[in-house]
Amino acid sequence: MRNLSGGHVEEFVLVGFPTSPLFQLLLFGLFLAIYLLTLLENAFIISTIWLTPSLHRPMYFFLGHLSFLELWYINVTVPRLLGAFLTQARRVSFVGCMTQLYFFIALACTECVLLAVMAYDRYLAICEPLRYPSLMPPNLATRLAIASWASGFFSSMMKLLFISRLSYCGPNIINHFFCDISPLLNLTCSDKEQAEIVDFLLALVMILLPLLAVISSYAAIIASILRIPTTQGRQKAFSTCASHLAVVVIYYSSTLFTYARPRAMYTFNHNKIISVLYTVIVPFLNPAIYCLRNKEVKEALRKTVLGRCHYPRDVPD
């Protein structure tokens, strides 16, 4: 890929977090620790689901895809940020910037759709428990996962097609720690109306529609749970979706705060802090939330970490 617009800018400068050298080292240590723990946590969840036959169900199949996505998601932004903390190398080529933007949008959109698919899965499991195996067979779960990835990467390709064709004549300073849509659109010296319309329409499809699906699913789930006569039954039903609900609230609240605010409230310095939440903190917290709230995952992880030889093999009922 090259600068398709024929503009003069061949590279951008990412401002990142300009602070004193000592604080830069402190930030490097903090982000490195979070980065390594995130990789370890998500790798553990993927391997645990893969190695535990009792977790070979749609709910954990989708969780495995979410963890796999988070592994790539944090690798889109954090390694370059870590390098900038150490070397102060803040320049990124036009191709590098557009590549980072493509994968960032693709993974973010995929996560939105995947969270909606997981909400629908929980809806079927709680509201239609007797028909759940027939309503969510393994082949349907596979198709839904593939559709989530395909829609995310296709949406990103459409957005990038319009953004990369804009002219960037200078300045080339991006007040962010990675290449994001809004900072790039603010730097263009050509008419950006068409790109903004495409970005808005695809945001409606890839963010708001999945969010509506999540809200609808959980409205039906809550109504179904409230009809359960016993407190223990209600708690057991809610525990199966509590982890997913917590992840949805954290992810969507930070995403909507960043991309759905009025421009009068928009400042890049605040935006950078919020961006850290959904690009770094959310991938770090998701595995912990699922492990702490889900007994099956917690027990399977314990067996995987401590060694399966210390536990008797699962005996079928």
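Position 1 is the first residue of the sequence, and the numbers go up from there. Atom set for the values below is all heavy atoms of this structure, side chains included, hydrogens, waters and symmetry mates excluded.
Using a 4.5 Å heavy-atom cutoff, the side chains of E10 and S93 are not in contact. At a threshold of 4.5 Å between non-hydrogen side-chain atoms, the residues T142 and I146 count as touching. With a 4.5 Å cut-off on side-chain heavy atoms, N172 and L187 do not count as touching. When side chains are defined from C-beta on, F23 counts as touching S20, because their heavy atoms get closer than 4.5 Å. Using a 4.5 Å cut-off on side-chain heavy atoms (C-beta onward), I45 and W50 make no contact. By the 4.5 Å heavy-atom criterion applied to side chains, E11 and F94 are not counted as neighbours. Side-chain contact between L144 and M136 is present, with heavy atoms from C-beta onward closer than 4.5 Å. By the 4.5 Å heavy-atom criterion applied to side chains, I289 and I250 are counted as neighbours.
Looking at D191, its side chain does come within 3.5 Å of a backbone N or O of E193 through a donor-acceptor pair. For S134 (side chain) and R131 (main-chain N/O), a donor-acceptor pair under 3.5 Å exists by modelled atom type. Without hydrogens or angle criteria, T188 side chain to L185 main chain gives no donor-acceptor distance under 3.5 Å. A donor-acceptor pair under 3.5 Å is absent between the side-chain atoms of D180 and the main chain of H176, judged by distance alone. S224 places no side-chain N or O within donor-acceptor distance of the main-chain N or O of A220, the cut-off being under 3.5 Å. Remark: side-chain polar atoms of S156 are paired, donor with acceptor, to backbone N or O of Y102 under 3.5 angstrom. Distance alone, capped at 3.5 Å, places no donor-acceptor pair between the Y251 side chain and the P283 backbone.
Taking NE2 of H65 as the start and CH2 of W149 as the end, the distance is 8.0 Å to the nearest 0.5 Å. Between atom CG of residue N42 and atom CG of residue L63 there is a gap of 9.0 Å, rounded to the nearest 0.5 Å. To the nearest 0.5 angstrom, T99 atom OG1 is 8.0 Å from L160 atom CG. Between the OH atom of Y252 and the CD1 atom of I215 there is a distance of 9.0 Å, given to the nearest 0.5 Å. Separation of atoms CD1 (I222) and CZ (R227) is listed at 12.0 Å; rounding is to 0.5 Å. Between the CD1 atom of I105 and the CE atom of M158 there is a distance of 12.0 Å, given to the nearest 0.5 Å.
The salt bridge (Lys or Arg N to Asp or Glu O under 4.0 Å) check on R90 picks up nothing, with sequence neighbours excluded. Remark: E70 engages N286 in a side chain to side chain donor-acceptor pair (under 3.5 Å) (not counting sequence neighbours). The side chain to side chain donor-acceptor pair (under 3.5 Å) test applied to D199 returns K159, not counting sequence neighbours.
In plain terms, the two heavy atoms of P210 and C112 that are nearest each other are CB-O, 3.4 Å. L115 approaches H244 most closely through the heavy-atom pair O-NE2, 2.9 Å. Nearest heavy-atom pair across L82 and L32 is CD2-N, 3.6 Å. Residues L184 and I174 approach most closely at CD2-CD1, 3.9 Å, considering heavy atoms. The shortest non-hydrogen separation linking C241 to I126 is SG-CD1, 4.0 Å. When all heavy atoms of G64 and I46 are compared, the pair lying nearest together is O-CG1, 3.9 Å.
Taking the six-membered ring where the residue is Trp, F104 and F178 present tilted rings, their angle falling between 30° and 60°.
Within a 6.0 Å sphere centred on CZ of F103, other residues, nucleotides and ligands contribute 12 heavy atoms or fewer. Heavy atoms from other residues, nucleotides or ligands lying under 6.0 Å from CD of E128 number more than 12.
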**Request:** Kindly indicate, with the supporting measurements, whether the criterion side-chain contact (heavy atoms from CB on, under 4.5 Å) is fulfilled by V214 and Y218.
**Result:** CA-CA 6 Å; V214 170; Y218 274 102; 3.8 Å; yes
**Asked** Run the ring pair (Phe, Tyr, Trp, His ring centres under 6.0 Å) check on Y168 and F12 step by step: do they pass?
**Response** CA-CA 10 Å; Y168 298 93; F12 297 99; 5.6 Å; yes
**Request:** Please assess T38 against I34 for the test side-chain contact (heavy atoms from CB on, under 4.5 Å), listing each intermediate value before the final yes or no.
**Result:** CA-CA 6 Å; T38 301; I34 293 175; 3.9 Å; yes
**Message:** side-chain contact (heavy atoms from CB on, under 4.5 Å) for T279 and I74? Distances and angles first, verdict last.
**Reply:** CA-CA 6 Å; T279 60; I74 198 168; over 6 Å; no
**Asked** What do the steps show when you test H56 against Y60 for ring pair (Phe, Tyr, Trp, His ring centres under 6.0 Å), and what is the final call?
**Response** CA-CA 7 Å; H56 292 177; Y60 301 107; 9.8 Å; no
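Under the 4.5 Å side-chain heavy-atom criterion for ILVMFWY residues, no single connected hydrophobic cluster contains both Y132 and I228. Residue L204 is grouped with residue I163 when hydrophobic side chains (ILVMFWY) are merged at heavy-atom distances under 4.5 angstrom, including chains of intermediate members. Residues L166 and I173 do not share a hydrophobic cluster, clusters being chains of Ile/Leu/Val/Met/Phe/Trp/Tyr side chains in contact below 4.5 Å. The hydrophobic clustering, which links ILVMFWY residues whose side-chain heavy atoms are closer than 4.5 Å, places V95 and V13 apart. When the side chains of ILVMFWY residues are joined at heavy-atom separations under 4.5 Å, either directly or via intervening members, L81 and V15 end up in two distinct hydrophobic clusters.
The disulfide (SG to SG under 2.5 Å) analysis of residues 23-100, with sequence neighbours excluded, yields the pairs C97-C179.
Alongside L22, the hydrophobic cluster contains no other residue (criterion: ILVMFWY side chains under 4.5 Å). Hydrophobic cluster membership for L130: none, as no Ile, Leu, Val, Met, Phe, Trp or Tyr side chain comes under 4.5 Å of it.
Between the side chains of T52 and S54, no donor N or O sits under 3.5 Å from an acceptor N or O. Between the side chains of R234 and T231, at least one donor N or O lies within less than 3.5 Å of an accepting N or O.
In summary, of the residues considered (F31, F177, Y35, F28), a ring pair (Phe, Tyr, Trp, His ring centres under 6.0 Å) with F85 occurs for F31 alone.
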